[in-house]
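What follows is a short report on a single structure.
It should be emphasised that the depicted structure is a prediction, and the values quoted were computed from it without experimental measurement.
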Amino acid sequence: MFDIWEPGCVPGSTITVPDTPAAVPADPVPVPVPVPVPLERLEAQICELAGHLAAATCRFLVLLADFDARRGWASWEMSSCAAWLSWKCQMSSGAAREHVRVARALRDLPVIRAEFAAARLSYAKVRALTRIATPGTERGLAEIAGPMTGNQLERFARAHRQVTGADDATAQIRRRLAWRLEEDGSLAGTFRLPPLAGAVLLKALRAAAGDLEHPHGGEDGGVSAETPTAARPAPGTPGDPADPARCHVEDGPALSVSTAQMLGCTAALSWMIHDHDGAVLDLGRRRRRPNAALRRAARERDHCRCRFPGCESRRVDLHHIQHWINGGRTSLENLISLCKYHHMLVHDRGYLIAAQSGGRFTFFRPDGTGIPPSPALPPPDGTIGDCHDADITPGTIIPPWYGERLDLDHAIYTCLANARTPEERQAQREQGQDPARDRVQVFEPEGWPDRIRQYYAEHPIRQYYYAA
């Protein structure tokens, strides 16, 4: 595909000799010897291509940020833009998440984005800068990052995060748990969770408090929370136990029918049929979830990951392809690993799953359209230079670095001092002071001849060069 030899010289080529003796020329033509490209030219091509890659990557991230902001990945039923990028553009999950993070950060960093688009900053440098840059500090950070190598900037970014994150109130709030100790020593707190996660939390709290059975005795007179004590709601209302669409956690909030079906894939269930007055008529037989052997076999077959195309989540449930209510069996052929998001999606949207031989599965949309497990990338159209508008030369991507070591302490001090300078100048302006006069001695124009004579009287060597 690519040739690093001189034009007209193809390395590894062979000469075909015809079978008929008449076709052989009298004087054999000498075979040209391949001449490699000079090292200087090869180095220039590598550096120039690196510049094109940086400019094209910037355009790629700008488009990705727009795609993420418009939630284009949601039309493919992906849980995030990183999952779509990993599936559609054949990236690893970690690289996809990092590309999405950098793309989102570049939306608010126009200076770094302009340097990146001009290929004066590589993707490695931009990735490090987006971890520490803000709209107020990006200009100074881009200037400091110019002479550094990629490794030096990574060290600088790590040190900068350690220094500036020590007193970060936002990080402390993010790690804070909403709990408090009352005057009597009891623990109190607040939380907000979805119904399923709230039910799990309540079970854990009751087990810790020794109230797993949750008796309702005491001041209630033994009346259950589900027992009507006053006027019964009209049949068919969401609060009526006889409502056929009512599903709820035991002593908990109501759930949708699809959530109850999702729970039925792995949970142990019991039938309970009510009449119009809410009285229990029948208790069905208990349906157990897959045993340990089936779970181990499914994990081995599915590699402990969600089987939905493009998803690599490791937190999975076992889903019945044909639900056991509809006659499906709890067997390995009828079980598939799905994450929470796609498990709920299959139940809510009606996605179809077809099991094939060899442990392979095919997913179909509700309209019958198949979802490919790994779509192929389209063929390239044009050259890489057509993907951006930057003027790239072999020296564009090369930083002005002369081999000196990074003085990390001085670099951090300079960066923080540059960040404080605008704030100090603004504070002095608000107090009616001129910031320039505090650091620079200003002379009036009418006294400059005397000042020059005084200067050369104190510096005779410089006076000599001046006179010469």
Exercise for review: Decide yes or no for Thr134 and Asp108: does some side-chain heavy atom of the first lie under 4.5 Å from some side-chain heavy atom of the second?
Suggested key: no
**Study point:** N/O donor-acceptor pair under 3.5 Å between Thr414 side chain and His410 backbone
**Key:** yes
Review point. Is the cationic atom of Arg71 (NZ for Lys, CZ for Arg) positioned less than 6.0 Å from the six-membered ring centroid of Trp76 and within 45 degrees of its normal?
Key: no
Study note, to complete from the structure: For Arg127, the side-chain contact (heavy atoms from CB on, under 4.5 Å) test, sequence neighbours excluded, returns Glu98, Arg101, Val102, Tyr123, Ala124, Arg131, Glu154
**Study point:** Check: Ala95 main-chain N/O paired with His99 side-chain donor or acceptor under 3.5 Å
**Key:** yes
Exercise for review: Please check if the side chain of Lys125 supplies one atom and the backbone of Gly146 the other of a donor-acceptor pair under 3.5 Å.
Suggested key: yes
Point to revise | Main-chain N/O of Thr383 paired with Asp386 side-chain donor or acceptor, under 3.5 Å | key: yes
Review point. Considering the options Ser92, Ser93, Cys81, which one meets the side chain to side chain contact (heavy atoms under 4.5 Å, CB included) requirement together with Ser86?
Key: Ser93
Check your understanding: Does any N or O in the side chain of Asn334 come within less than 3.5 Å of the main-chain N or O of His320, such that one atom is a donor and the other an acceptor?
Key -> no
Exercise for review: State whether the side chain of Asp302 and the backbone N or O of Ser337 hold a donor-acceptor pair below 3.5 Å, judged by distance alone.
Suggested key: yes
Check your understanding: Taking the six-membered ring for Trp, are Phe308 and Phe363 ring centroids under 6.0 Å apart?
Key -> yes
Practice item. Look only at the side chain of Arg314 and the backbone of Cys339, and say whether a donor-acceptor pair between them is shorter than 3.5 Å. Key: no
Check your understanding: Within the side chain of His303, is there an N or O that forms a donor-acceptor pair under 3.5 Å with the backbone of Arg305?
Key -> no
Kindly list each side-chain donor-acceptor pair under 3.5 angstrom involving residues 55-70, sequence neighbours excluded, with atom names and distances?
{"residue": "Thr57", "atom": "OG1", "partner": "Leu53", "partner atom": "O", "Å": "2.5"}
{"residue": "Arg59", "atom": "NE", "partner": "Cys387", "partner atom": "O", "Å": "3.3"}
{"residue": "Asp68", "atom": "OD1", "partner": "Trp73", "partner atom": "NE1", "Å": "3.1"}
{"residue": "Asp68", "atom": "OD1", "partner": "Arg104", "partner atom": "NH2", "Å": "3.4"}
{"residue": "Asp68", "atom": "OD2", "partner": "Arg104", "partner atom": "NE", "Å": "2.6"}
{"residue": "Asp68", "atom": "OD2", "partner": "Arg104", "partner atom": "NH2", "Å": "3.2"}

Check your understanding: Do side-chain atoms of Glu115 reach the backbone of Arg120 as a donor and acceptor pair under 3.5 angstrom?
Key -> no
Check your understanding: Less than 4.5 Å apart, any side-chain heavy atom of Phe364 and any of Ile371?
Key -> no
Check your understanding: With distance as the sole test, does Trp84 use its side chain to make a donor-acceptor pair with the main-chain N or O of Trp87 at under 3.5 Å?
Key -> no
Exercise for review: Examine His319 together with His342 and report whether their ring centres are nearer than 6.0 Å.
Suggested key: no
**Study point:** Worked verdict on Asp367 versus Thr369 for side-chain hydrogen bond (donor to acceptor under 3.5 Å, both in side chains)
**Key:** CA-CA 6 Å; Asp367 58 359; Thr369 306; 3.1 Å; yes
